[in-house]
K.L.:
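Here's a structure for you.
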There are 2 protein chains.
Amino acid sequence: MADASSYKDKKVIGIGIASELTGLSERQIRYYEERKLIYPDRSKGGTRKYSFADVERLVDIANKMEDGMQTFEIRKEEMKQSDIRSKMLRGQLNAAFKMRK
Amino acid sequence: MADASSYKDKKVIGIGIASELTGLSERQIRYYEERKLIYPDRSKGGTRKYSFADVERLVDIANKMEDGMQTFEIRKEEMKQSDIRSKMLRGQLNAAFKMRK
DNA sequence: CGTGTAAGGAATTCTGACACG
DNA sequence: CGTGTAAGGAATTCTGACACG
């Protein structure tokens, strides 16, 4: 298994196609990246490349935006599991450390 | 099932990425299209869009070319089954019809 | 036959900013 | 906050042709 990644995770889709697939404007897609909700690859020249997984994520984001959720909340929701654990752990260690002072 | 097509058959890959994925030059890829070996979609602007299935097909073509096969033979090989049947059928009907004259 | 390349143009994408709200 | 838009430039892609073989 030299290449474990399936079609779904290959970053091969330009922003124009991503826009067509999701119904979102390119402006919206770039903005969600600015807000740290999506992480496309970049070509050497700097053009964005998305995977099908990214496209699905964008649709998911779009739905949440429609429900009135803000980018901030969507990002937060995403860090719920694994991410937040290490962060909380670090935070608690920090807190504990400070208390000892 | 409004959308039966999987990731594999969606024409979403630009020729630059297709070139990277296959190791073929853009020139080669365009040439194989000229020789009727591959059929990408086109954007409104005219840029070519390939699917992962197309990319695999290109790799397959590349292997056959390496084996010394010519585009003509590769194309012929592809029409072996279903295609050739209807064509042969038509040919035979034509032949039979002519004989009756 | 299959592929590289220079040529000129068109389509695509990028960033930073202004606007509205 | 989230998104549209005009602006200028850069990266990407397109076609037709010449070259070699």
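All values reported here derive from a predicted model rather than from experimental measurement. Reminder, nothing fancy here: chain letters follow the sequence lines and each chain counts from 1.
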K.L.:
Of the candidate nucleotides D:dT13, D:dT3, C:dG2, which contains the atom at the shortest distance from the side chain of B:I15?
P.N.:
D:dT13
K.L.:
Under the side chain to side chain contact (heavy atoms under 4.5 Å, CB included) test against B:Y50, which residue among B:T22, B:D41, B:I29 passes?
P.N.:
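The residue from B:T22, B:D41, B:I29 that satisfies side chain to side chain contact (heavy atoms under 4.5 Å, CB included) with B:Y50 turns out to be B:I29.
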K.L.:
From the list C:dT3, C:dT12, C:dT13, which nucleotide is the closest neighbour of the side chain of A:T47?
P.N.:
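Nearest to the side-chain atoms of A:T47, counting from C-beta on, is C:dT13.
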K.L.:
Give none if D:dA6 has no partner; otherwise give the nucleotide forming a Watson-Crick or G-U wobble pair with it, both distances under 3.5 Å.
P.N.:
none
K.L.:
Quickly work out the B:E34 CD to D:dT13 P distance and round it to whole Å.
P.N.:
19 Å
K.L.:
May I ask you to evaluate whether A:Y32 reaches the phosphate of D:dT3, defined as a side-chain N or O under 4.0 Å from OP1 or OP2?
P.N.:
yes
K.L.:
Expected output is a numbered-order residue list: members of residues 56-65 of chain A with a heavy atom under 4.0 Å from any atom of DNA chain D. What is it?
P.N.:
A:M65
K.L.:
For B:I17 and C:dT13, what is the distance between atoms CD1 and P respectively, to the nearest whole Å?
P.N.:
12 Å
K.L.:
B:R27 has an atom CZ; how far is it from atom C1' of C:dT3, in whole Å?
P.N.:
6 Å
K.L.:
On DNA chain C, check which nucleotide each of B:E26 and B:K44 is closest to and give me the residue with the more 5' one.
P.N.:
B:E26
K.L.:
Pick from B:V59, B:I61, B:L58: which one makes a side chain to side chain contact (heavy atoms under 4.5 Å, CB included) with B:L24?
P.N.:
B:L58
K.L.:
Below 4.0 angstrom from OP1 or OP2 of C:dG2, is there any side-chain N or O of B:Y31?
P.N.:
yes
K.L.:
By the 4.0 Å heavy-atom rule, please label A:R30 as base, sugar-phosphate, or nothing.
P.N.:
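Touches a base.
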K.L.:
Looking only at heavy atoms, what is the nearest atom pair of A:D54 and A:Y39, with distance?
P.N.:
OD2-O, 4.5 Å
K.L.:
Let me spell it out: for each of A:G45 and A:T71, pick the nucleotide of DNA chain D with the closest heavy atom. Which residue's pick is nearer the 5' end?
P.N.:
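It is A:T71 whose nearest nucleotide is closer to the 5' end.
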K.L.:
Do A:E34 and A:R75 sit within salt-bridge range, that is, some charged N less than 4.0 Å from a carboxylate O?
P.N.:
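Salt bridge flag = no for A:R75 with A:E34.
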K.L.:
When you get a sec, tell me which of C:dG4, D:dT3, C:dT12 is the closest nucleotide to the side chain of B:Q28?
P.N.:
C:dG4
K.L.:
Just how far, in rounded Å, is P of C:dT12 from OH of A:Y50?
P.N.:
16 Å
K.L.:
How many Å lie between CD on A:E73 and C1' on D:dG2, as a whole number?
P.N.:
13 Å
K.L.:
Answer with yes or no whether the side chains of B:E26 and B:Y31 bring together a donor and an acceptor at under 3.5 Å.
P.N.:
no
K.L.:
Just to confirm, is there a sub-4.0 Å distance from OP1 or OP2 of D:dG2 to any side-chain nitrogen or oxygen of A:R35?
P.N.:
yes
K.L.:
Return the value, rounded to whole Å, for the distance between atom CD of A:E33 and atom P of D:dG2.
P.N.:
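Rounded to whole Å, this separation is 15 Å.
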K.L.:
Taking all non-hydrogen atoms of both residues into account, name the closest pair between A:P40 and A:K11 and its distance.
P.N.:
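Nearest pair, atom of A:P40 first, then A:K11: CA-NZ, 4.1 Å.
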K.L.:
Give none if D:dG16 has no partner; otherwise give the nucleotide forming a Watson-Crick or G-U wobble pair with it, both distances under 3.5 Å.
P.N.:
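Its partner is none (no Watson-Crick or G-U wobble pair with both distances under 3.5 Å).
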K.L.:
Which one, C:dT12, D:dG2, C:dT3, comes nearest to the side chain of A:Q70?
P.N.:
D:dG2
K.L.:
Salt-bridge test for B:K64 and B:E73: reply yes if a basic N is under 4.0 Å from a carboxylate O, no otherwise.
P.N.:
no
K.L.:
Rounded to whole Å, please give me the gap between CD1 in B:I29 and P in C:dG4.
P.N.:
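To the nearest whole Å, that distance equals 11 Å.
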K.L.:
Would you mind reading off the distance between B:R42 atom CZ and D:dC14 atom P, rounded to a whole angstrom?
P.N.:
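These atoms are roughly 6 Å apart.
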K.L.:
Write down the atom of B:Y7, the atom of B:F52, and the distance for their closest heavy-atom approach.
P.N.:
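In this case the closest contact between B:Y7 and B:F52 is O-CD1, 4.0 Å.
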